[in-house]
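Take a look at the structure below.
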Amino acid sequence: MPELPEVETVRRGVEPHVLGRRIIEVTVRDARLRWPIPADFADFARHQQINAVSRRGKYLIFALDSGDRLIVHLGMTGRVLVLDAGHPVIKHDHLDLLLDDGRLLRYHDPRRFGAVLPWPKDAPGHVLIDSLGPEPLSDAFSGAYLYERSRHKKVAVKSFVMDGQVVVGAGNIYAAESLFRAGVRPTRPAGRVTRAEYSRLADSIREVLREAITQGGTTLRDFAGADGVSGYFQQDLYVYGREGLPCRICGTPINSMRLGNRASCWCPGCQR
DNA sequence: CTGTTAACCTGAGTGC
DNA sequence: TGCACTCAGGTTAACA
């Protein structure tokens, strides 16, 4: 699934194709996503013009000319593709937005952990967006912020930075990579990580996410940008998926364990 | 409140 | 070829 860099890559890939385009028809083939696509979704989206495509954390937000918005989340295996109308439909193609230029925006998601939801203009906020932590690439995010938020917390620092209420966008891959670059073991209780370490960690998170965006994301199995092209950040991974392999810095075999039900890799030599 | 676990769902990979 | 099992980029609901 897509973490922040993959979602941002999708946003950038989709945006030029949909800006100013009007949705002329909506086809829902399977509404059973993480939350069901509401029965009135087609009526909600039809005839609306797409004025902007933004991102909040791992959520894509399509702003419509009426002031309504569409929220799209890719879950673990979701994709958004821009295709010509009439493109063959394959398994897991759950939703099409037919555009007024003969193209369509297609949502494809084998595991259906993602979501496509309306966000009406008269709703001040949205339950999925309101309680999110700061954007890691914004000024609101810093080592001091992480330090303050983490005091007295016993949760592992990796789980802490993967918590979307703390900071958005760092999933399993980038949390592991950021902790490696900061030299902090993922198992450390968040409340025991020092101010200096959080300063390095905040820098690392920003750096890793920026680099990954530049590379077009990381490609494992299911991710591809809107144009179907893969990302290249996997060439820059130091710990994720490298259990048992020698550390690229010190040669020590990369260690792995489960933290909060997620595989977590780190280097015993480089990370304290 | 905090913290941990199971659950959602399908497909790919592995071992027998 | 088949079957049983594990694992996967996210997030929340239900627990103790």
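What you see below is based on every heavy atom in this structure, not just the backbone, and it leaves out hydrogens, waters and symmetry mates. Everything numeric here is computed off the predicted structure, so don't read it as measured data.
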A:F113-C:dT11 aromatic stacking (under 5.5 Å, under 30°) = no

Out of C:dG10, C:dT12, B:dG3, minimum distance to the side chain of A:W35 belongs to C:dT12

A:F160 atom CZ is separated from B:dT2 atom P, nearest whole Å, by 11 Å

In whole angstroms, the gap separating P of C:dT11 from CZ of A:R112 amounts to 18 Å

A:M76 CE to C:dT6 P, in whole Å, measures 17 Å

Give a yes/no on whether any side-chain N or O of A:H92 is located under 4.0 angstrom from OP1 or OP2 of B:dG11. yes

Here the side chain to side chain donor-acceptor pair (under 3.5 Å) pairs for residues 261-270 of chain A, sequence neighbours left out, are A:K158-A:S264

Considering just the side-chain nitrogens and oxygens of A:K91, establish if one lies under 4.0 Å of OP1 or OP2 belonging to B:dT10.
-> no

Between B:dC9 and C:dA14, how far apart are the P atoms? Round to whole Å, please. 15 Å

Atom NE2 of A:H94 and atom C1' of B:dC9 are separated, to the nearest Å, by 10 Å

dist A:T252:OG1 -> A:I249:CD1 (nearest 0.5 Å) comes out at 11.0 Å

- Query: Can the ring centres of A:Y240 and A:F180 be said to be less than 6.0 Å apart?
  - Reply: no

(message) For A:D40, is the CG atom crowded, meaning more than 12 foreign heavy atoms sit under 6.0 Å from it?
(response) yes

When rounded to whole Å, the CE to C1' distance for the pair A:M162 and B:dT4 reads 15 Å

Among the nucleotides B:dG11, C:dA8, C:dT11, whichever has the atom closest to the side chain of A:H73 is C:dT11

Is there a donor and acceptor pair, one atom on the side chain of A:N261 and one on the base of B:dA6, closer than 3.5 Å? yes

Per atom distances to the A:K154 side chain, the nearest of B:dG3, B:dG11, C:dT11 is B:dG3

- Task: Indicate yes or no: does A:R206 engage A:D203 in a salt bridge with an N to O separation below 4.0 Å.
- Result: yes

What does A:R262 touch in the nucleic acid at a heavy-atom separation under 4.0 angstrom: a base, only the sugar-phosphate, or nothing?
-> base

Is a donor from one side chain sitting under 3.5 angstrom from an acceptor on the other, for A:S204 and A:E207? no

In whole angstroms, the gap separating C1' of B:dA6 from CZ of A:R34 amounts to 12 Å

- Task: If the plane angle is over 60° it's perpendicular, under 30° parallel, otherwise tilted; pick one for A:H108 and A:H94.
- Result: parallel

Notebook entry, point to check: Do you see a donor-acceptor pair shorter than 3.5 Å between the side chains of A:Y198 and A:S142?
Noted result: no

Rounded to whole Å, the CG-P distance (A:L259 to B:dG3) equals 14 Å

Annotated structure of DNA chain B as dot-bracket, pair cut-off 3.5 Å, Watson-Crick or G-U only, | for inter-strand, is .|||||||.|||||||

Fill in: Donor-acceptor pair (no angle test) under 3.5 Å: A:R111 side chain, B:dC9 base
yes

A:H152 NE2 to B:dT2 P, in whole Å, measures 12 Å

Practice item. Could you measure between the two P atoms, the one in C:dT6 and the one in B:dA6, and give it in whole Å? Key: 13 Å

